[in-house]
Amino acid sequence: MSAKKDDKPAEATPEPAAEQAQAPAQQQQVKVNDANVIASYANFCRVSSTPEELILDLGLNPQPLDPANTEINVGQRIILNHYTAKRLLSALSMALQRHEQAFGVLETDIRKRVVRQQQT
């Protein structure tokens, strides 16, 4: 059979699944309710883990220059699965990179940050 001149070739109609695959991914919005949040400060963190969980103990070190003879009270314990811990690691890494780009490298060794006063 031959096609007539005014016959148009059949157009391919995309299937619904194909349309969804081509549509740009919509960013999901997570609603966070922080009405009952209790904010606290920590300058100490201990990380431990089990095969199922990662455990963060956060507390206040009142004597950061003499940690060997200081008792640190843990104020918060956060228990995460390893997937959430990895997402937290990525988010913290990105936040710290942005901070260091804006304000300079953060020195984590407190002994290197302390400015010693010269005696006169």
Side-chain angles (χ1 to χ4, degrees):
M1 246 187 181
S2 64
K4 296 181 185 175
K5 282 189 176 180
D6 18 352
D7 286 347
K8 295 182 182 176
E11 293 182 23
T13 54
E15 296 178 19
E19 285 180 15
Q20 290 174 354
Q22 292 174 353
Q26 292 180 355
Q27 190 173 13
Q28 294 181 351
Q29 297 278 331
V30 176
K31 294 181 182 179
V32 177
N33 180 354
D34 60 357
N36 297 317
V37 74
I38 298 172
S40 58
Y41 175 79
N43 65 355
F44 170 82
C45 180
R46 178 179 61 187
V47 179
S48 56
S49 68
T50 70
E52 292 85 21
E53 302 164 332
L54 189 117
I55 302 159
L56 300 176
D57 287 331
L58 303 169
L60 182 62
N61 181 356
Q63 295 293 326
L65 294 176
D66 189 16
N69 299 317
T70 302
E71 181 176 318
I72 298 171
N73 291 320
V74 171
Q76 300 87 30
R77 175 168 288 154
I78 300 173
I79 303 168
L80 310 164
N81 64 47
H82 287 91
Y83 295 100
T84 301
K86 191 166 185 175
R87 288 190 291 272
L88 176 61
L89 172 67
S90 177
L92 289 172
S93 178
M94 287 188 292
L96 287 169
Q97 285 175 2
R98 285 191 302 266
H99 180 87
E100 287 185 331
Q101 287 173 352
F103 302 105
V105 176
L106 295 167
E107 177 56 61
T108 56
D109 186 347
I110 193 166
R111 294 170 292 189
K112 293 179 182 178
R113 295 191 323 243
V114 173
V115 177
R116 300 193 188 275
Q117 296 180 355
Q118 295 180 351
Q119 294 178 343
T120 54

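Just so it is clear, the model here is predicted, and its values are computed rather than measured.
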Item to complete: Each residue besides Val105 in its hydrophobic cluster should be listed here, by chain and number; the cluster joins Ile, Leu, Val, Met, Phe, Trp and Tyr at side-chain heavy-atom distances under 4.5 Å.
Response: none

Discussion item. Suppose clustering is done on Ile, Leu, Val, Met, Phe, Trp and Tyr with side-chain heavy atoms closer than 4.5 Å. Which residues sit in the same group as Phe103?
Written reply: none

Discussion item. I need the full list of ring pair (Phe, Tyr, Trp, His ring centres under 6.0 Å) pairs touching residues 28-65, with sequence neighbours left out, sorted by first then second residue.
Written reply: none

Worksheet entry | Whichever hydrophobic residues join Leu96 through chains of side-chain contacts under 4.5 Å | Leu106

Worksheet item: Can you pull the side chain to side chain donor-acceptor pair (under 3.5 Å) pairs that have at least one residue in residues 43-53, sequence neighbours excluded?
Response: Arg46-Asp57

Worksheet item: Listed by chain and number, what are the side-chain hydrogen bond (donor to acceptor under 3.5 Å, both in side chains) partners of Asn36, not counting sequence neighbours?
Response: none

Discussion item. Can you list everything that forms a salt bridge (charged side-chain N to carboxylate O under 4.0 Å, His left out) with Arg111? Sequence neighbours excluded, please.
Written reply: Asp109

Item to complete: Looking only at non-hydrogen atoms, find the nearest pair between Gln63 and Thr70 and report the distance.
Response: CB-OG1, 3.2 Å

Discussion item. Restricting to non-hydrogen atoms, name the atom on Pro62 and the atom on Leu60 that form the minimum distance, rounded to 0.1 Å.
Written reply: CD-O, 3.2 Å

Discussion item. Using the side-chain hydrogen bond (donor to acceptor under 3.5 Å, both in side chains) criterion, which residues pair with Ser40? Sequence neighbours excluded.
Written reply: Gln76

Worksheet item: Which residue pairs pass the side chain to side chain donor-acceptor pair (under 3.5 Å) test with at least one member in residues 87-105, sequence neighbours excluded?
Response: Thr84-Arg87

Worksheet entry | Residues clustered with Leu88, ILVMFWY side-chain links under 4.5 angstrom | Val47, Leu54, Leu56, Leu58, Ile78, Leu80, Leu92

